[in-house]
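Worksheet: one structure, shown below.
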2 protein chains.
Amino acid sequence: MSTSAARRRERWEPDARRRQILGCAVRLFGARGYDEVSTADIAAAAGVARGLVNHYFGTKKELYLEVVRVLLTVPDTALTTIPDGDLTARVDGATTWFLDAIARHTDAWVAAMGAATPGRDPDLAAVIAEADEATVDVILRLAGRTPHPRARSPLRAALRAYVAFARSGAMEWLVHGSLSREQTHVLLSRTLTTLLTETIPVISSRSGPSEQPGSW
Amino acid sequence: MSTSAARRRERWEPDARRRQILGCAVRLFGARGYDEVSTADIAAAAGVARGLVNHYFGTKKELYLEVVRVLLTVPDTALTTIPDGDLTARVDGATTWFLDAIARHTDAWVAAMGAATPGRDPDLAAVIAEADEATVDVILRLAGRTPHPRARSPLRAALRAYVAFARSGAMEWLVHGSLSREQTHVLLSRTLTTLLTETIPVISSRSGPSEQPGSW
DNA sequence: CGACCTCGTTGACGCACCGCCAACAGGATG
DNA sequence: CATCCTGTTGGCGGTGCGTCAACGAGGTCG
């Protein structure tokens with residue numbers, strides 16, 4: 001990815017050049033955070049003039065958004081097959097899959113968690129929110145619910161909170177080393193099971209923010 | 001706080017001046033995020049030369065850290081009295097207190113959550129981590145445990161994950177409006193109760209990352 | 001009451017970074 | 001080989017931040 005320097009004015013296809021610059025940006029932003037990386041760094045890593053970065057990506061922030069999108073989708077490797085069995089077994093299987101996945105791409109996943117910090121920027125928040133919703137969809141399919149696509153329901157809200165929980169728990173395992181893998185597994189799977197079977201039914205029976213008393 | 005402009009070269013006590021600038025910084029950073037606010041903005045809001053901000057706080061980032069510290073501690077209003085009754089009742093009371101507290105200072109709390117985003121900066125992460133640990137201590141006292149001060153135990157790890165869960169759930173209520181207050185209450189209290197009575201005991205009985213098999 | 005001293009405060013300088021754009025040149029075409 | 005298209009360059013203008021020497025408000029002392 002890192003072009004060996006010195007070659008001047010090499011003319012590439014726009015697509016290839018764009019991918020190359022994006023790759024360098026992913027590598028740098030994945031390692032060092034938004035304002036520790038300058039567009040000059042990225043251009044240098046790609047062996048390219050600084051202006052070209054703006055030419056392909058407009059603004060530094062726009063480039064960053066694309067990088068976060070990449071970081072958030074790469075470690076996904078989407079859970080395609082829903083495990084069999086009762087709910088407990090399915091949750092267990094999905095937890096195993098999840099922990100395997102992030103253990104395999106630890107660096108990328110941790111980088112994604114670091115970069116995908118829903119700060120104040122609304123565009124960045126939107127990108128992260130989209131990734132969250134996708135995760136919620138997975139959990140819903142896991143629970144055997146057809147995901148009313150993207151309703152602002154209490155069900156989805158509770159699961160979004162769970163996603164934050166799961167991420168934090170996984171960070172405890174992978175980054176801080178304060179949980180073993182087995183402990184993390186128990187923490188995530190049991191909490192999700194309880195949430196789905198006990199807590200959420202109660203929540204859904206209570207009156208919502210303004211509408212749907214028992215819609216999910 | 002916002003000094004009416006034009007007054008030139010007014011000489012204050014260092015403490016007062018420092019507090020004044022910090023106040024303006026809190027107001028601005030609370031509303032607009034790190035790189036949407038320039039030190040010139042802060043200086044202007046305080047009716048002061050830009051250089052003075054650096055004189056009192058060194059770097060813009062150091063100032064930001066102080067602001068986050070303020071934002072994280074202000075909405076605390078520390079839970080002093082532990083409710084009576086069994087665990088369920090105590091958790092219930094504490095949840096009520098928590099939701100009351102953040103409802104009272106919604107703006108400040110949301111601002112704090114926006115600012116206290118554990119991005120890549122290690123110093124910022126440290127400030128946030130400290131606030132998290134304080135919250136975990138509250139929960140531990142709630143559960144009747146004497147908080148082994150700051151051990152890297154699986155117990156604390158699980159509770160840190162819960163803190164992320166609670167914050168996310170509260171945001172669903174306050175910001176997105178996807179949960180009613182009652183629903184949020186049920187979500188937070190029941191999840192914490194289950195965590196304390198069912199999940200954590202199981203976790204603690206499993207082998208840890210390397211040590212304490214059943215220490216908490 | 002005026003000279004003097006202290007230290008809070010100022011304004012400007014240097015530097016790094018970003019967005020923009022006119023000019024340049026690689027390489028395909030005829 | 002001449003010509004055109006367009007990917008690419010390098011520099012210009014503007015902004016924001018950290019530093020520093022100089023300034024002056026306000027108290028002190030003779």
Side-chain angles (χ1 to χ4, degrees), chain A residues 1-25 28-29 31-68 119-121 123-124, chain B residues 1-25 28-29 31-68 119-121 123-124:
Chain A
M1 207 66 82
S2 63
T3 307
S4 55
R7 193 52 145 278
R8 287 190 33 166
R9 247 192 177 41
E10 198 168 357
R11 213 183 158 90
W12 290 19
E13 271 189 28
D15 253 26
R17 183 65 85 189
R18 192 189 155 84
R19 274 199 307 271
Q20 182 222 15
I21 296 177
L22 184 57
C24 294
L28 292 179
F29 279 133
R32 261 192 297 145
Y34 184 76
D35 38 330
E36 265 104 13
V37 175
S38 66
T39 59
D41 291 337
I42 298 170
V48 144
R50 199 176 50 78
L52 204 60
V53 176
N54 291 283
H55 175 69
Y56 279 108
F57 296 94
T59 253
K60 181 186 179 185
K61 202 165 275 179
E62 297 181 61
L63 171 56
Y64 186 71
L65 287 183
E66 292 225 27
V67 168
V68 172
R120 218 166 277 289
D121 189 280
D123 300 316
L124 178 57
Chain B
M1 206 66 83
S2 64
T3 307
S4 56
R7 192 53 143 278
R8 289 191 29 164
R9 247 190 177 38
E10 198 167 356
R11 210 183 159 89
W12 289 20
E13 273 190 25
D15 254 26
R17 182 64 85 188
R18 191 189 156 83
R19 273 198 307 272
Q20 184 224 13
I21 297 177
L22 184 58
C24 295
L28 292 178
F29 279 133
R32 261 191 298 143
Y34 183 76
D35 38 331
E36 266 102 15
V37 175
S38 65
T39 58
D41 291 336
I42 298 171
V48 144
R50 199 175 51 78
L52 204 61
V53 176
N54 291 285
H55 174 70
Y56 279 108
F57 296 93
T59 251
K60 181 186 179 184
K61 200 165 277 182
E62 297 181 61
L63 170 57
Y64 186 70
L65 288 182
E66 293 225 26
V67 168
V68 172
R120 217 165 280 290
D121 190 280
D123 301 315
L124 178 57

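The sequence lines fix the lettering, A, B, ..., with proteins before strands; numbering per chain opens at 1.
Judged as a side-chain hydrogen bond (donor to acceptor under 3.5 Å, both in side chains), and not counting sequence neighbours, A:Arg11 has no contacts. Applying the side-chain hydrogen bond (donor to acceptor under 3.5 Å, both in side chains) rule to B:Asn54 yields no partners; only residues at least two apart in sequence or on another chain are considered. With sequence neighbours excluded, no residue forms a side-chain hydrogen bond (donor to acceptor under 3.5 Å, both in side chains) with B:Arg32. The side chain to side chain contact (heavy atoms under 4.5 Å, CB included) search around B:Ala49 returns none, not counting sequence neighbours.
One finds a side-chain N or O of B:Arg17 lying less than 4.0 angstrom from the OP1 or OP2 phosphate oxygen of C:dT9. Listed pair B:Tyr56 / C:dG8 fails the phosphate criterion, with no side-chain N or O lying under 4.0 Å from OP1 or OP2.
The structure places CG of B:Leu52 at 9.0 Å from CD of B:Gln20, a figure rounded to the nearest 0.5 Å. Taking NZ from A:Lys61 and CG from A:Asp121, the interatomic distance works out to 5.0 Å, rounded to the nearest 0.5 Å. With values rounded to the nearest 0.5 angstrom, A:Leu63 atom CG is found 8.5 Å from A:Arg18 atom CZ.
In the helix from C:dC1-D:dG30 to C:dG30-D:dC1, the rotation axis of the first five pairs and that of the last five pairs differ in direction by 20°, rounded to 10 degrees.
Atom P of nucleotide D:dG7 and atom CG of A:Asp15 are separated by 11 Å, given to the nearest angstrom. Atom CD1 in A:Ile21 sits about 9 Å away from atom P in D:dT9, given to the nearest Å. As a whole-Å value, the separation of B:Leu52 CG from C:dG8 P is 10 Å. Summarising the geometry, the separation between CD on A:Glu13 and P on D:dT8 is reported as 10 Å, rounded to the nearest angstrom. To the nearest angstrom, C1' of D:dT8 lies 13 Å from CD of A:Gln20.
The nearest pair of heavy atoms linking A:Ala46 to A:Ile21 is CB-CG1, 4.2 Å. A:Val53 and A:Ala43 make their closest contact through CG2-CB, 4.0 Å (heavy atoms, listed as atom of the first residue, atom of the second, distance). Scanning all heavy atoms of the two residues, the minimum distance from A:Gly33 to B:Arg120 falls at N-CD, 3.1 Å. When every heavy atom of A:Val37 is checked against every heavy atom of A:Lys60, the shortest pair comes out as O-NZ, 2.8 Å.
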Pick out the pairs of N or O atoms, protein on one side and nucleotides 16-18 of chain C on the other, that lie under 3.5 Å.
| from | atom 1 | to | atom 2 | distance (Å) |
| --- | --- | --- | --- | --- |
| C:dC18 | OP1 | A:Thr39 | N | 3.2 |
| C:dC18 | OP1 | A:Lys60 | NZ | 2.9 |
| C:dC18 | OP2 | A:Thr39 | N | 2.9 |
| C:dC18 | OP2 | A:Thr39 | OG1 | 2.7 |

Please write out the pairs of protein N or O atoms and N or O atoms of nucleotides 20-23 of chain D separated by less than 3.5 Å, giving the distance to one decimal.
| from | atom 1 | to | atom 2 | distance (Å) |
| --- | --- | --- | --- | --- |
| D:dC23 | O2 | B:Arg9 | NH2 | 2.3 |

Heteroatom pairs (N/O) under 3.5 angstrom, protein to nucleotides 5-7 of chain C:
| from | atom 1 | to | atom 2 | distance (Å) |
| --- | --- | --- | --- | --- |
| C:dC7 | O4' | B:Arg11 | NH2 | 3.4 |
| C:dC7 | O2 | B:Arg11 | NH1 | 3.3 |
| C:dC7 | O2 | B:Arg11 | NH2 | 3.1 |

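Remark: nothing in residues 61-68 of chain B comes within less than 4.0 Å of DNA chain C through any heavy atom.
Using a 4.5 Å heavy-atom threshold, the side chains of B:Leu124 and B:Val68 count as touching.
Residue pairs satisfying the side-chain hydrogen bond (donor to acceptor under 3.5 Å, both in side chains) criterion with at least one member in residues 36-47 of chain A, sequence neighbours excluded, are listed as follows: A:Ser38-A:Asp41. Here ring pair (Phe, Tyr, Trp, His ring centres under 6.0 Å) pairs that include residues 39-66 of chain A, with residues two or more places apart or in two chains, are A:Phe29-A:Tyr64, A:Tyr34-A:Tyr64.
In this structure, A:His55 and B:Gly58 both approach DNA chain D, and ranking their closest nucleotides by distance from the 5' end singles out A:His55.
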